[in-house]
> 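Starting off with a structure, shown below.
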Amino acid sequence: MESFLDTKIKKLNGLNFFRLGIFFLPSTALFSGIFLLISTIFAVRNNGGLNFRDKWNYPFIFVAILMLLSCINAFSGWLSWVGLANWIPLFWCFCGFQPFLNSSNLRKQASFFLLAGTVPVLITGFGQLWFDWAGPWQLMNGLVIWFVSPGGQPEGRLSGLFDYANIAAAWLVVVWPFSLASLISKNTSHLKRFFAFVMAICIAAALVLTDSRNGWGGLVAAIPFVFGLSSWKWLLPLIFMFSLPIFLAVLPGIDQSIQEVARGLVPKGLWTRLTDIKFIDTRPVESTRLSQWKVALDLIKDRPLLGWGAAAFSVLYPLRKGLWHGHSHNLPLELAVSHGVLVSLILTGTILFLLIKSLFEGVVNNNYSIFDRAWWTSAFLLVSLHATDIPMFDSRINLVGWILIAGIRSMIKRY
């Protein structure tokens, strides 16, 4: 006679592990990663191995080979081999996650698990700002550690379970479209709509409190895509009307009298953050994005084929500018510096083509459900964030990014 435990184990499948993984993702990268890895093993086993007939896998296989070659004579030495962990295992995940996202309903359920897993981020974020909560808090003898900085990291900016406010903002931008979809979906019951409303308000407030300009942009940009093209005739003018005073308050070249009126209407913390006015006299040029991008372009010119190796920018930038920066704040440039122009073009181009193809197949013509529009919006916004920052160097953001991309691939499949 089978034991109760044996029966429970037999009922476990890849989908259970996948959903556990995405639920625990913001809270613990360790256990989430284990659950997600197990789910991909189930997926590959149940599908008879990797699907090498899928043309979308070819670019990632080719890129993986080029990345391995770039490590052989890398300037960054052993760091280059370690840096492969940010990419090659995730190419495997791209294939392994798709069976759990191959229907609109599965993607909808996955979005609910992502939202539910965000609750600890919100609680710790508000707690650190309003009640000076401070970590580290440990579970299971230190296997799970929550580093919560009192007052936020940097000071005054909500970071929650993440190391930095901009990373927290990236996660909140990912889940924000799902909270919107839950709120406005016609099939949501009154009780669920109430909880969706509370969740949406909390996520929006947390995004504002991250003081992240990218986060603020994502907060606004998600709305028209989730609502759908049919709403644009009234929604876009409304967004423009509310945004106009902000543009007038921050854009250069605006008549001073007009700008003063606009700045009187817009909260000071908003327009000073958008203009970085408080850093004008104190911020060195070497700390700006433009300086980092210029150095990255110079490095690419010197080694365009296979690059300098992963993490090379963090070693070379101080040598050239005397100030340390961990990355170039632009993912295509970072890829080209680390692994060469060809890797950057293929990887960036493949992901953008997936987004564009799914955009015209379902988002533009409203063929997708509201939750699939939210899924596309989430993926698009996270990819866009990597134009001026690289939050994917946090493993949790990296994993959720590939979950989203795997879902996009599943949307455009023909069965």
Side-chain angles (χ1 to χ4, degrees), residues 15 18-19 22-23 25 97-98 100-119 122 170-207 215 217-240 242 354-385 400-401 403-415:
L15 182 59
F18 178 73
R19 288 177 172 174
I22 58 180
F23 174 74
L25 185 52
F97 292 156
Q98 289 176 39
F100 313 120
L101 300 166
N102 62 8
S103 74
S104 182
N105 187 57
L106 284 173
R107 291 187 290 273
K108 177 181 177 180
Q109 294 300 319
S111 69
F112 289 158
F113 278 90
L114 286 170
L115 277 172
T118 302
V119 172
L122 297 172
W171 179 270
L172 294 169
V173 163
V174 165
V175 296
W176 166 239
F178 300 135
S179 68
L180 276 179
S182 301
L183 180 61
I184 66 176
S185 174
K186 295 178 181 178
N187 298 322
T188 304
S189 67
H190 292 302
L191 181 61
K192 289 181 179 179
R193 197 180 303 279
F194 171 76
F195 286 113
F197 175 76
V198 172
M199 196 69 180
I201 291 296
C202 289
I203 291 173
L207 264 171
L219 183 66
V220 176
I223 297 172
F225 287 111
V226 175
F227 273 76
L229 198 65
S230 60
S231 69
W232 285 19
K233 59 186 177 183
W234 61 268
L235 187 57
L236 291 183
L238 191 64
I239 292 174
F240 176 78
F242 281 103
L354 268 170
L355 286 170
I356 292 169
K357 185 174 176 63
S358 56
L359 171 68
F360 287 102
E361 284 195 1
V363 177
V364 169
N365 53 24
N366 283 329
N367 281 341
Y368 288 164
S369 69
I370 187 171
F371 281 95
D372 276 349
R373 288 204 305 271
W375 192 280
W376 184 92
T377 302
S378 181
F380 168 71
L381 291 176
L382 185 57
V383 168
S384 299
L385 294 185
V400 78
I403 290 168
L404 294 171
I405 295 300
I408 295 292
R409 170 66 189 104
S410 298
M411 284 184 196
I412 63 175
K413 281 183 178 177
R414 295 288 184 264
Y415 293 98

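Computed from a prediction, not measured in an experiment: that's the story for all the values here.
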> Does atom CZ of Phe195 have more than 12 heavy-atom neighbours from other groups under 6.0 Å away?
no

> Once you round to the nearest 0.5 Å, how far does NZ of Lys357 lie from CE of Met411?
14.0 Å

> So, do Leu25 and Trp171 sit near enough that their side-chain heavy atoms are less than 4.5 Å apart?
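Of all side-chain heavy-atom pairs linking Trp171 with Leu25, at least one is under 4.5 Å.
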
> With a 4.5 Å cut-off on side-chain heavy atoms, are Leu382 and Val400 touching?
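They are in side-chain contact.
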
> How about Leu101 and Trp375: do any of their side-chain heavy atoms sit closer than 4.5 Å?
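Contact flag for Leu101/Trp375 side chains = yes.
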
> Say whether, by atom type as modelled, one donor and one acceptor occur between the side chain of Trp376 and the main chain of Leu355 under 3.5 angstrom.
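Yes; at least one donor-acceptor contact below 3.5 Å.
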
> Short question: side chain of Trp232, backbone of Pro224 - any donor-acceptor pair under 3.5 Å?
yes

> If you look at every heavy atom in Arg19 and Phe113, which pair is closest and at what distance?
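Smallest interatomic distance, heavy atoms only, reads CD-CE1, 3.5 Å.
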
> Could you grab the distance from atom CD1 of Ile203 to atom CG of Leu172, nearest 0.5 Å is fine?
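Here the rounded value is 6.5 Å.
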
> Examine distances only and state if a side-chain atom of Ser378 and a backbone atom of Ala374 form a donor-acceptor pair shorter than 3.5 Å.
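Between the backbone of Ala374 and the side chain of Ser378 there is no qualifying donor-acceptor contact (under 3.5 Å).
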
> Side chains of Lys186 and Ile370: does their closest heavy-atom pair fall under 4.5 Å?
no

> Do Thr118 and Val174 have side-chain heavy atoms sitting under 4.5 Å apart?
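They are not in side-chain contact.
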
> Do Trp176 and Val226 have side chains that approach each other closer than 4.5 Å (heavy atoms only, starting at C-beta)?
no

> Could you label the plane-to-plane angle of the Phe371 and Phe112 rings as parallel, tilted or perpendicular, counting under 30° as parallel and over 60° as perpendicular?
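The rings of Phe371 and Phe112 stand perpendicular, inter-plane angle above 60°.
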
> What heavy-atom pair brings Pro177 and Leu381 nearest, and what distance separates the two atoms?
CG-CD1, 4.3 Å

> When you measure from the side chain of Ser185 to the backbone of Ser182, do you find a donor-acceptor pair of N or O atoms at a distance under 3.5 Å?
no

> What I'd like to find out is whether the side chain of Arg107 reaches to under 4.5 Å of the side chain of Ser410, using heavy atoms alone.
yes

> Are Tyr368 and Glu361 side-chain neighbours, meaning at least one heavy-atom pair lies under 4.5 Å?
yes

